[in-house]
Amino acid sequence: MGRRTTGPAVPPSPSLRPSTVDDLPLDPEIRAVLRAHGIEALYPPQAEALPHVLSGRSLVLACPTASGKSLVAYLALLRAVREHRTGLYLVPLRALAQEKFDELSEFASLGFKVGLSIGDFDLPAAKLERLDLLVATSEKADGLLRRGSPWLDRLGVVVADEVHLMRDPDRGPTLEVTLTRLRRRHKDLQIVALSATVGNSAELASWLDAVHVASDFRPVPLRSGVYLDGRVTFTDLETREVGPPGDGVQRLVRETLAGGGQAIIFVSTRRGSEQAAQHVAPLVAATLSAEEKAAAAEVAQQLHLVAEEETEGLRHLAGLVPRGVAFHNAALDNAERRLLERAFLTRKLKVLAATPTLAAGINLPARRVIIRDTTRYDDHLGMQAPIPALEIQQMCGRAGRPRFDRVGEAIVIARHPEDEARLLDDVLGAPPEDVESRLAAEPALRMHLLALVASGEVRSREELATFFRGTFYGRTLPLDALTEKVEAVRGFLEGHGLLEPGPGLRATGFGELTSDLYLDPMSAVALRRAIERAPIGVRPFALLAAVAATPDLPPLFLRRGEEAEFVARYAEEEVELLVKAEEEPLDTPLELMLGSLKTAAVLEAWLDETPIVALTERFGIGAGDLHAKAEDAEWLLFGLSRIAAAFRKPLARPVDDLALRVRYGVKEELLDLVRLRGIGRARGRLLFSAGYADREALRQAPLDRIASVLRSPTLARQVALQLRHPEAGSPPKEIAMEPPAAPAPSPGAGTPRRGHRRLDEYPEHPA
DNA sequence: TGGTTGATACTATAGACAGCATGTC
DNA sequence: CTATAGTATCAACCA
């Protein structure tokens, strides 16, 4: 168990280090809440980090998951609130944001308000202003910065969770840029960065002018090893036989269950997750007691309730769950995934076979983690590539469940004898990898360069260089390589009318709109081109194809034999017109374009009220894929509508209607009905079939008639209420936690959000 | 001839953020 | 370049 502390501050000497909550300089009220939650003794990393944090220092805390990092962050946030500052908690995933929001809300009895800001769940600006703490994705925080939100004015603390994800080429730069911008805006900002164990966490600390605390402490110790031919060799070279029957996965699962533990099997494909679950189901079922069988059967019942339709994947899943096993991947929709996660946490499920969905997500530990696949298909490479050691180590970190397990075990299955040594030394035993900035990735530069300029933070190349010097990239890598790419990106933005030409850096109206819409500039350019080419009365499919072909909506894979179908659709006149680009770098390889058209075809069928079962069978996708694509498309259609309005194209209205249809998956004739709260795809169709084509028709109908059509008097009353008072209906769900006691002093009303410009303010640009 | 078996070739491949204004079955 | 499991295809073989 190692511990390293470096940093600008002189660390407190070990003898002064607190070992319980009582030793901390905390308000008695905070201490009482902690005690009420059973938090008393501090883990070593907490004891080491908290004095720094509570004295207002920035901190980089690098240690394994479940070692108590969150508490350190929460106390930093509470301290800020006590000093009438606000706190921002940055997370990489919506599900994680929800988790942190729920946990922070537990402290709301102390008299402050917590809010949640994630894509599908946001607060009106007025409510935001009254919040003391906000949990947000990096992208949402980036959005607040772009719009110069006054909520940030009183900001005192920023927590950056999973900060090692800065190395992610897609979304890491957003976190890096957001942290840099926040620090520039608030010179005295306290940053609490929480990281997995990485090689260069001290370098991160140096960048953030923070105290560095690194530790290998885990409340449940971890052993990791490699399985080969009936024997596990641990990294300490101890070995253990794991007896037959069955292959490695089966043997390891059986052994885990025999000791009363749970197991997670990590695999690299969706099919692999289904297959692995199937593979161990008989032996898991054999260990279940009568009560456990009943509990698992109940989970299966709930699964049927939360699932929208009985797809083939759901049937497979529902067949496995009563046996105590489930698979977990992104083909499942969110409700299904959350249900399975809860069932595993409550030990109603014994084994989960999961794709990386689970590795990066919420805290879900198991006594044993079995890593079946150590390679994964890499789209860029076109073939299998090893999963980075850091990711493998993250999966391993899931092993060991506090209170249930004395020790956690992570075991990698070796496929070939020659792999054993490599896995032990170069993967499990590898020194933790470094976090490296990915700011130089071009899509990221496009986004953030435009945003910096559009928000007025950067007005010249000199200011831009200064900005980059303040990033982690600037602190760790030579800027020359970046500057070269920036110039290319700047050329792209200027060439497509997002930046004003000339030596200075100034965004056009189109550039500002693109930044506000949070679109990849490449997408905005493609959407604008589609708008300009779209004929009057353009068919929905062509518009869907236009949004599906942007880089903000990754294409679906084509299955065998699907190619001809989408080649044919590509040849449709309007489609080719809206989607095809002749010039670099906007033109897309045919293969990807056909995948985009498949996405458009899926959405088209969704709009045609095709049942989800039929969609999954016809296109080989899961319910989760469908919802993800529909959500993305709805967002992009909104962008399309705004761009159309900005350029005075008479397309905004039909596109808004299309976006609403995409949200609910309904034909045009249901558009009026689904505007009612509580009425969606299924109920809308029920009403329509019963002869109520729109809200006006419904207004004439007797209440009991509506109730019988909807098979719910409660719902019918709710609908009737909305029909009488369009603004009434059920009040919106309250997200902000109202304090039971006197509210904190509320800040004055901030400046309103910069209004979107009217049409004529957008100059025309060469296409 | 019909059916089975086995060698071989071919096929497919993880995940999830954002706008806006409030709720699907 | 750094893979593998599942499936389709087809020839060889047997009754």
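- One can place CZ of A:Arg559 at 9 Å from P of B:dT13, the figure rounded to the nearest angstrom.
- When each of A:Asp625 and A:Val306 is assigned the nucleotide of DNA chain B with its nearest heavy atom, A:Asp625 is the one assigned upstream, toward the 5' end.
- Residue contacts shown for A:Leu636 are absent, as no nucleic acid heavy atom lies under 4.0 Å away.
- Residue side chain A:Asp520 does not reach the base of B:dA18 through any donor-acceptor N/O pair under 3.5 Å, judged by distance alone.
- Between the side chains of A:Glu176 and A:His448, no donor N or O sits under 3.5 Å from an acceptor N or O.
- Within 4.0 Å (heavy atoms only), A:Asn329 reaches sugar-phosphate atoms of the nucleic acid but no base atom.
- Comparing A:Ala385 and A:Arg372 against DNA chain C, the residue whose closest nucleotide sits nearer the 5' end is A:Ala385.
- Straight-line distance between the P atoms of C:dT2 and B:dG15: roughly 26 Å, to the nearest whole Å.
- When the P atom of B:dA16 is taken as reference, atom CD of A:Glu162 falls 14 Å away, rounded to whole Å.
- Under the Watson-Crick or G-U wobble criterion, with both distances below 3.5 Å, B:dT5 is paired with C:dA11.
- Look at the P atom in both B:dG19 and C:dC1: the space between them is 42 Å, to the nearest Å.
- Contact detail for A:Val135 and A:Ala97: the closest heavy-atom pair is CG1-O, 3.5 Å.
- Contact annotation: A:Thr269 does not reach the phosphate of C:dA5 (side-chain N/O to OP1 or OP2, under 4.0 Å).
- Contact annotation for A:Leu715: no contact, since no heavy-atom pair falls under 4.0 Å across all strands.
- Residue A:Arg376 is the one, among A:Glu631 and A:Arg376, whose nearest nucleotide of DNA chain B lies closer to the 5' end (criterion: closest heavy atom).
- Within the nucleic acid shown, A:Pro124 has no heavy atom closer than 4.0 Å to any nucleic acid atom.
- The residue A:Arg271 sits close to a base: some heavy atom pair falls under 4.0 Å.
- Separating the CZ atom of A:Arg675 from the P atom of B:dA21 is a distance of 15 Å, rounded to the nearest angstrom.
- B:dA18 has A:Trp635 stacked on its base ring, the centres lying under 5.5 angstrom apart and the planes within 30 degrees of parallel.
- The CG atom of A:Leu676 sits 16 Å away from the C1' atom of B:dC25 (whole-angstrom rounding).
- Between A:Arg438 and A:Asp170 no salt bridge is recorded (no basic side-chain N to carboxylate O distance below 4.0 Å).
- Across the P atoms, B:dA14 and C:dA5 are found 15 Å apart, a figure rounded to whole Å.
- In this structure, A:Phe647 and A:Phe510 have perpendicular ring planes: the angle between them is above 60°, well past the 30° mark.
- Using a 4.0 Å heavy-atom criterion, one finds that A:His627 contacts no nucleic acid atom at all.
- Spacing between atom CG of A:Leu332 and atom C1' of B:dG15 amounts to 13 Å, rounded to whole angstrom units.
- Just one of A:Thr137, A:Asp161, A:Leu179 meets the side chain to side chain contact (heavy atoms under 4.5 Å, CB included) condition when paired with A:Leu90; it is A:Leu179.
- Within 4.0 Å of A:Leu519, counting heavy atoms only, lies no atom of the nucleic acid at all.
- Backbone-only engagement by A:Leu93 is indicated by non-hydrogen atom pairs under 4.0 Å involving sugar-phosphate atoms exclusively.
- A:Asp120 comes within 4.0 angstrom of a nucleotide base, judged by non-hydrogen atoms across all strands.
- Pairing for B:dA16 is absent, judged as Watson-Crick or G-U wobble with the two contacts each under 3.5 Å.
- When atom types are taken as modelled, the side chain of A:Glu562 and the backbone of A:Arg559 share a donor-acceptor pair closer than 3.5 angstrom.
- Between A:Glu591 atom CD and B:dA12 atom C1' the separation is 11 Å, expressed in whole Å.
- As judged by a 4.0 angstrom heavy-atom cut-off over every strand, A:Ala628 is placed among residues making no nucleic acid contact.
- Side-chain atoms of A:Leu358 and A:Phe266, non-hydrogen and from C-beta on, do get closer than 4.5 Å to each other.
- Rounded to an integer number of Å, the gap from CZ of A:Arg642 to P of B:dG19 is 12 Å.
- Nucleotides of DNA chain C nearest to A:Gln384 and A:Gln275 differ in position, and the one nearer the 5' end is that of A:Gln384.
- Within 4.0 Å of A:Gly119, counting heavy atoms only, lies at least one base atom of the nucleic acid.
- In this entry C:dC1 has no Watson-Crick or G-U wobble partner, no candidate having both defining distances under 3.5 Å.
- Straight-line distance from the CG atom of A:Leu660 to the C1' atom of B:dT22: 12 Å, rounded to whole Å.
- Residue contacts for A:Tyr518: at a heavy-atom cut-off of 4.0 Å it reaches the sugar-phosphate backbone alone, with no base atom in range.
- Heavy atoms of A:Arg337 sit under 4.0 angstrom from primed sugar atoms or phosphate atoms, though from no base atom.
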